[in-house]
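Notes follow the structure.
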Amino acid sequence: MTQHSAAPATTAGPTTAASTGWWRDAVIYQVYPRSFADSNGDGMGDLEGVRGRLPYLRDLGVDAVWLSPFYASPQADAGYDVADYRAIDPMFGTLMDADALIRDAHGLGLRIIVDVVPNHSSDQCEWFKRAIGDGPASPLRDRYHFREGKGENGELPPNDWESVFGGPAWTRVADGAWYLHLFAPEQPDLNWENQAVADEFRSILRFWLDMGVDGFRVDVAHGLVKAPGLPDLGSTDQLRLLGNDVMPFFDQDGVHEIYRSWRTILDEYPGERIAVAEAWTPTVQRTANYVRPDELHQAFNFQYLATHWDAAELREVIDVSLAAMLPVGAPATWVLSNHDVTRHTTRFGNPPAGTQIRTPGDRGLGLRRARAATLLMLALPGSAYLYQGEELGLPDVTDLPDEVRQDPSFFRAAGQDGFRDGCRVPIPWTAEGPSYGFGSGGSWLPQPADWGALSVEAQTGDRGSTLELYRGALALRRELPGLGAGESVDWVPGTPDGVLAFTRPGFHCTVNTTGRPVRLPAPGRMVLASTEVAVEEGEFELPADSTVWWSV
Ligand code: GLC
């Protein structure tokens with residue numbers, strides 16, 4: 001990996017006072033840089049584009065921005081294949097642009113979290129290129145997982161592991177050796193037993209901390225350590241096991257030592273720098289292992305993301321999530337959408353069927369439920385993650401022609417993902433104009449013809465719009481004392497089937513996950529609702545698929 005000198009050190013986050021615990025109830029907005037805003041009209045979003053839109057994010061009311069990778073990369077997996085961890089890909093800008101972005105964000109009171117991708121590098125990373133180019137005896141091969149194949153002439157992969165994107169997790173190089181890649185062949189897995197790998201990533205963390213970032217989102221945090229000897233899985237049904245079982249390549253206990261070492265680095269810097277784990281584990285209890293006091297700060301709650309629009313299931317996952325975090329003292333986190341799953345507006349408009357949905361479903365129903373789901377999420381104690389465009393109620397684009405798709409898993413049969421381009425379409429800023437204000441040119445994925453009506457411009461000032469609902473909710477979350485704070489919710493007993501009601505200090509939330517309205521006593525003064533609600537004489541009708549916030 002290439003060394004660069006860091007750009008001039010920037011200031012740390014907006015408040016540098018010790019131990020503010022800012023992250024415990026933070027709302028963190030995910031920017032997918034290629035699809036957020038394009039400053040130079042090349043059809044691809046960039047860092048200058050993000051910088052220009054920071055005031056929008058400040059006004060939206062989020063606390064921090066997480067940027068998906070913008071590092072030098074051949075883009076085999078939209079930047080999650082990093083060739084140089086200390087350089088910006090020219091299509092996104094320069095290190096000076098990153099520096100300006102971090103400074104401006106801090107000036108506006110926003111924190112910046114960047115992605116770090118430690119499970120694998122790009123096959124175009126210097127290390128891997130030399131590991132191949134220098135031949136079988138290259139010591140750099142030990143920084144990856146090279147093995148001899150099985151079979152008479154080594155023609156079979158070394159074990160039975162499959163890539164998450166489909167097909168074998170092994171690729172053979174010209175001299176006959178095989179290397180491991182849990183994702184695309186262009187993403188060789190790094191060997192974390194090798195000290196040089198561990199040292200390199202500690203140095204990469206410091207590089208970005210010196211640049212002033214407030215934290216890291218750790219990509220595939222559960223994958224870094226593989227079971228000794230890389231044993232066969234012994235199952236041909238790997239996709240079903242993924243996320244439901246501890247695998248020989250996922251969620252191995254050895255990963256925690258790495259995060260303990262990272263935590264000491266984060267703690268050396270002022271201003272509470274944090275890390276959040278992308279760790280797909282079988283249970284929230286195992287997720288809690290990543291956020292023990294001497295490890296990372298947060299972990300995504302994918303069990304919550306995968307929960308259907310169903311009161312009983314939601315209550316269960318909320319209780320289990322909060323209970324799992326209590327013993328380790330970490331805040332619960334909540335997330336409904338990201339760049340890897342079908343947007344929740346579309347998931348909720350379809351019959352429940354996992355997180356990769358290929359049909360538009362009932363858009364009206366999906367949006368109604370999505371708005372209600374957001375108000376539920378933002379009323380829970382802990383930290384919430386938003387994915388760009390969800391504040392506009394954007395649906396997934398389910399009818400992208402195959403020839404424009406770029407998700408590598410789409411091209412590999414039987415991967416668990418495959419249709420992730422649908423949530424990555426550049427977002428609309430203006431009602432008209434080229435790429436609806438995404439840039440002055442086109443957009444790298446085509447935008448649907450009706451997206452002007454969903455643009456920031458079209459929704460701003462419209463009381464009933466999803467954008468104004470998010471703005472209102474985020475403003476109230478700041479105003480109502482302690483809405484994001486605390487570790488528990490108090491469920492109100494005796495609610496009808498399909499209805500949830502809970503209280504927080506000074507606050508009451510009612511949620512109807514059914515398709516029919518329910519009459520209930522009004523618990524206080526209504527302060528926000530996901531749809532029109534009339535309160536009369538101490539009673540109100542909670543509409544189908546809705547959430548109401550009350551001040552009590
Ligand atoms: C993570 C990323 C995903 C990427 C994969 C491989 O799951 O979120 O987008 O494809 O890691 O890096």
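Note that ligands are numbered from 1 as they come in the structure, with each ligand's atoms numbered from 1 the same way. One is the number of the first residue; the rest follow in order along the sequence.
Atoms of ligand 1 lying under 4.0 Å from any heavy atom of Q187, numbered from 1 in the order shown and given with element: 6 (C), 12 (O). Within the listing of ligand 1, atoms 2 (C), 3 (C), 8 (O), 9 (O) sit less than 4.0 angstrom from a heavy atom of H339. Near E278, the atoms of ligand 1 lying under 4.0 angstrom from a non-hydrogen atom of the residue are 1 (C), 7 (O), 8 (O). Close approach of ligand 1 to R424 is summarised as follows: ligand atoms under 4.0 Å from at least one heavy atom of the residue are 9 (O). Less than 4.0 angstrom separates some heavy atom of H120 from each of these atoms of ligand 1: 6 (C), 12 (O). Interface atoms of ligand 1 facing R217, defined by a heavy-atom separation under 4.0 Å, are 2 (C), 8 (O). Residue contact check: D77 has heavy atoms under 4.0 Å from atoms 4 (C), 5 (C), 6 (C), 10 (O), 12 (O) of ligand 1. Within ligand 1, the atoms closer than 4.0 Å to a non-hydrogen atom of R420 are 3 (C), 4 (C), 9 (O), 10 (O), numbered from 1 in the order shown.
Taking a 4.0 Å cut-off on heavy atoms, H222 fails to register as neighbouring ligand 1. The closest approach between a heavy atom of W280 and any atom of ligand 1 is not below 4.0 Å. Ligand 1 has no atom lying under 4.0 Å from any heavy atom of H181.
Ring centroid separation for the pair Y387 and W66 does not come in under the 6.0 Å cut-off. Ring-centre distance between W451 and F438: not below the 6.0 Å cut-off. Ring pair Y179/F128: centre-to-centre distance below 6.0 Å. Here the two rings, on F216 and W262, have centers that are 6.0 Å apart or farther. Aromatic rings from F249 and H145 are positioned such that their centres are separated by 6.0 Å or more. Taking the six-membered ring for Trp, Y85 and W208 have ring centres at least 6.0 Å apart. For W444 and Y32, the distance between ring centers is not under 6.0 angstrom.
Residue D340 places at least one N or O, backbone or side chain, under 3.5 Å from an N or O of ligand 1.
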side-chain contact (heavy atoms from CB on, under 4.5 Å) between S73 and Y80: does it pass, once the steps are laid out?
-> CA-CA 8 Å; S73 160; Y80 282 97; over 6 Å; no
